[in-house]
Amino acid sequence: MAISGIQNALGTFLQQQSIKMLIGGQWVESASGKTFETINPSTGEVLAKVVEGDSEDINRAVIAARKAFESGSWPKLTPSQRGRLLLKLADLIEQNAEELAQLETLDNGKPIRYSRAGDVPLTADHFRYFAGWATKLEGETIPVSIPNMFTYTLREPVGVVGQIIPWNFPLQMAAWKLAPALACGNTVILKPAEQTPLTALRLGELICEAGFPEGVVNIVPGFGETAGAALAAHPNVDKIAFTGSTEVGKKILQASIGNLKKVTLELGGKSPNIIFPDADLKFAVRGALNAIFFNQGQVCTVGSRLFVQKSVYDQVVGGLTDAARKMKLGQGIDPGTELGPVVSQEQLERVTGYIEIGKREGATPRTGGERPGGNLAQGYFVQPTVFDGVNDDMTIAREEIFGPVVVALPFEDVEEVAARANSSIYGLAAGVWTSDVKKAHKMAAALKAGVIWVNTYNQFDAAAPFGGYKQSGYGREMGHAVLDAYTQTKTVWVSLR
Ligand code: NAI
Ligand code: MG
């Protein structure tokens, strides 16, 4: 495929007749023989045909993962050998960085500058960080009060893990899921999102090249209601890790009941981003812009409720509006693009639907609120949109939009804004902008969210735990916190009498 303006690093991957799934170390067709198309959201054109997994394919993958967990070389590898495989994979990701960045941008629509600077290097970093944990999964010796007993704990893998990921950061979500699971010695069936299966499958090729034993990682592309649901309900899967909507998170939990699988859920949000007048306002406006428009607003932590203290409301919202107007919309693959399309026709309809609801309920877009025309009309583009004249009860102030749409809300004082910020079914993240150190810490304590950013936003690191309060989810990813999700503790009692 010829793509103008950039050096084309795509190899033969996209030229395949259809891109296969990875089961038990083999690249195979779907049991049904069906395929589905994945689309370039910048143009609406078909990028590739991908085999469509369903319950029969999930079942085969679970059998392969179980076999790899119980026998063969994987359970016999030393922790150091597991760590080395993860390091090798990180090296291979770096060696193929430009190809992965282009694939990610073509499949998801996100600006290539971010795929290059963020998605791909952070994916390699994630595998490297967890490679280090493979050799550090320690148990404890327990000083029990029963004489002549030696009691200790072992940390063992959970077993066969199903991982269902979304489309907003396809490669990074695969890394967040795979890296800790593999470091802890589990085997995996990964189901990428139907909108963006390409980079996970290319990563599968690199996993094979790195030398992971067959069946340790199985990758089954397909739709949520079929392949995803089959994985979530499978009686021989020990754990499900899910990132996606709160609605589907609840279905995953229901499906887990059959065999009481362990579940971790990273779900939606409606995160408050709060600007006090004593903040460095120029900096805060840039921060608010990034908080809402990074990745076209398709970030679970997106700062979609912008609370601004009344005395600086006009200045901040005016600054944000001007900056939003200047953002360069364009095809993801264009190196100058700052804001790409949203991921799919469905998402386009969802986001523009919310914009219409906002207008109907009486809010006013200070900028945006429409789709751009001209040469962007074929893609799934939405103008960056700043809503003014909003109150807390409006639909656009309560529900997750997951697009480039922010609601601006004025407030008077600290207690009021904390209460309003916390008045949400969600509790994923929150931002606070202030130069008053006491206010910063008080707000960090008062806000009911799993992550608080002070004078910054959307910071992530493999070493820092991440996850939600309330209906934003269960469990934590990253840092050593995630190791609890991928290991189980065995207590051993030895009588020394
Ligand atoms: P979704 O929750 O339906 O999809 C996420 C993943 O779950 C995909 O891999 C999908 O195939 C799978 N899935 C869907 N239904 C399933 C089921 N019944 N059983 C098992 N797996 C299933 O999200 P969707 O429809 O793509 O987006 C809808 C909304 O969800 C977005 O507008 C946004 O509000 C939210 N969302 C939140 C994300 C986050 O990072 N927290 C990521 C993606 C979406
Ligand atoms: Mg869905």
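Read the numbers this way: they start at 1 and go in the same order the structure lists the ligands and their atoms. The shown structure was predicted, so the numbers you read here are calculated from the model rather than taken from an experiment.
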Inset, instruction - Could you tell me which residues satisfy ring pair (Phe, Tyr, Trp, His ring centres under 6.0 Å) with Y474, sequence neighbours excluded, listed by chain and number? - result: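 Testing Y474 for ring pair (Phe, Tyr, Trp, His ring centres under 6.0 Å), a comparison that skips the adjacent residues, returns none.
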Legend entry - From D107 atom CG to S42 atom OG, the distance as rounded to the nearest 0.5 Å: 10.5 Å
Output block, N or O contacts of ligand 1, threshold 3.5 Å exclusive:
| residue | atom | partner | partner atom | Å |
| --- | --- | --- | --- | --- |
| ligand 1 | 2 (O) | S245 | N | 2.8 |
| ligand 1 | 2 (O) | S245 | OG | 2.7 |
| ligand 1 | 9 (O) | I165 | O | 2.8 |
| ligand 1 | 9 (O) | K191 | NZ | 3.2 |
| ligand 1 | 11 (O) | K191 | NZ | 2.9 |
| ligand 1 | 11 (O) | E194 | OE1 | 2.6 |
| ligand 1 | 11 (O) | G224 | N | 3.2 |
| ligand 1 | 19 (N) | G224 | O | 3.4 |
| ligand 1 | 19 (N) | A229 | N | 3.4 |
| ligand 1 | 26 (O) | W167 | NE1 | 2.6 |
| ligand 1 | 32 (O) | Q347 | NE2 | 2.9 |
| ligand 1 | 32 (O) | R350 | NE | 3.2 |
| ligand 1 | 34 (O) | E400 | OE1 | 2.6 |
| ligand 1 | 40 (O) | N168 | ND2 | 3.4 |
| ligand 1 | 41 (N) | G244 | O | 3.3 |
| ligand 1 | 41 (N) | L267 | O | 3.0 |

Validation: residues 192-201 side-chain donor-acceptor distances under 3.5 Å, sequence neighbours left out:
| residue | atom | partner | partner atom | Å |
| --- | --- | --- | --- | --- |
| T199 | OG1 | E104 | OE1 | 2.5 |

Inset, instruction - For the residue pair F466 and W176, categorise the inter-ring angle as parallel (less than 30°), tilted (30 to 60°) or perpendicular (more than 60°). - result: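 The rings of F466 and W176 stand perpendicular, inter-plane angle above 60°.
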Legend entry - I93 and its side-chain contact (heavy atoms from CB on, under 4.5 Å) partner, picked from V120, L171, D125: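 Filter result, single survivor: V120.
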Side chains of residues 443-453: which donor-acceptor pairs under 3.5 Å do they make with residues two or more places apart or in other chains?
| residue | atom | partner | partner atom | Å |
| --- | --- | --- | --- | --- |
| W453 | NE1 | Q459 | O | 3.1 |

